[in-house]
Amino acid sequence: MSVFPEAFKTQMQQLLGTESERFFRALESESPVSIRYNPLKNIGLPTELQKVPWASSSFYLPERPLFTADPLFHAGTYYVQEAASMFLEQALTQHCKLSEKLRILDLCAAPGGKSTLIASLMKGDSLLVSNEVIRSRANILSENIQKWGNGNVWVSNNDPLYIANALSSFFDIVVVDAPCSGEGMFRKAANSVEEWSPQAVNHCTLRQQRILHDIWDTLRPGGILIYSTCTYNRHENEHNLTKFKAQSNFDSLKLSLDTSWGVTETLENGIYGYRFYPHVSKGEGFFLSVLKKSGDKDSANPKIRKNLLTKATSDADFVKSWLKNPDLELFKRKELILAVPKSISYEAQLIESTLNIVSGAAELAELNRKGFIPSPAAALWTGLQKEAFVQSEFDKENTLKFLHLENIKPELTESKEGWQLITHNGIGLGWIKKLSNRVNNYYPKEWRIRMPLNKLI
Ligand code: SAM
């Protein structure tokens, strides 16, 4: 058996009783590998793979492949996500009116598992603010969101209290996938065992209380807050929510479960919690609870004080042919041209002017003195009219070379000079510029594959 801290073992024995032996045995087995497909980058769902029962478009893989060596992974056609955490889908489909226009905040969002799931479930005229307080993690989040390719998601880098103060009663749904002691990840991430201690649990508990307290005001009355952690710890889960209930008004919402999923429902002080254990469900440890804020009020529409988004002028007209859907409005963030669904034009201007935005909307092209440079995100955006571009379809080996930021041989590309979209299996990945005697590779340096090519090909 792996060496787990004694205090953790005692805690799990108290929590699970005789079941704890099965629990600890399960921690000795391999972690299941699961992926979730991007419904907007339809590459066809596999029929031979086992489905994740509580989530759509999600499957277990028989073993862990080298994802880095798969161009479709870089193209955002699927996301590698721990199966239990996909249970968020049940909270969203059972208690949130996903067919309506919604304003959603994913507060603790990096690296983007929950945000890409939310983006796939909400409608194209809804808004998702995917926030991460740690700047370096916000960059990874932004990369994953841009690769997923929705045009209605913004990545921000703000503190919870700042968001709540700036956007009071603004959101219909807030997801708090809180930083936690990570007990549910002990099988998957060895470092989470090393970092665990009763003191660390206490630190996490207090931080979670602060986050809930700080962010609550951004949720409109009648809105839904989904709280989740990847820990079994009752201090961080049920106890925290009980404390929170003493300070704020909400009802806890029950979820319908299929018994075959093996999810444990808890009900404490009127609060429902949903727990995943690896000896009962095929996944890691996870906890989720759904809170409905008392009252019922439309979300607030604060005045935009200083608008940092400007409406695009005729110098941006050239991107119009790039859009599959004409129901988009063109804006500029400095020299960057963005396409925003008309339905959320106000929200886009408000959050761009209020939050610290890392990326957002469909970023199309940067204007410069010589003309323009297409944005990396545009190549991956699901709303791009690919036919507007010369496309060079690459095989797996050449796509990996492109993603590795190698020099591209001109003979591999279409003959026409100028911008070309690189595709693999018809899915856009990035841009090259073909000149008379060479090809410039415009794949972003920060996104390039760092693993040596001989390990991939
Ligand atoms: N939701 C993510 C996903 O599904 O990919 C995982 C989120 S992870 C469990 C928790 C995140 O909370 C981390 O990215 C961490 O940087 C962030 N975090 C840490 N301290 C925070 C704080 N005080 N307020 C808000 N977020 C915080």
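Remember, it's 1-based here, ligands and their atoms both numbered in the order they're listed.
Under 3.5 Å, the side chains of S31 and R64 contain no donor-acceptor pair of N or O atoms.
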TODO: May I have the step-by-step check of salt bridge (Lys or Arg N to Asp or Glu O under 4.0 Å) for D172 and R220, ending in yes or no?
DONE: CA-CA 6 Å; D172 302 297; R220 71 163 169 88; 2.7 Å; yes

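Sorted by chain and number, the residues within 4.0 Å of ligand 1 by heavy atom are C108, A109, A110, P111, G112, G113, K114, E132, V133, I134, R137, P160, D177, A178, P179, R207, I211.
Separation of atoms CZ (F286) and CG (N237) is listed at 10.0 Å; rounding is to 0.5 Å. Atoms CG and CD1, from L92 and I226 in turn, are 4.0 Å apart once rounded to the nearest 0.5 Å.
Aromatic rings from F24 and F186 are positioned such that their centres are separated by 6.0 Å or more.
If you run side-chain hydrogen bond (donor to acceptor under 3.5 Å, both in side chains) between Q11 and each of R234, E183, E6, only E183 comes through.
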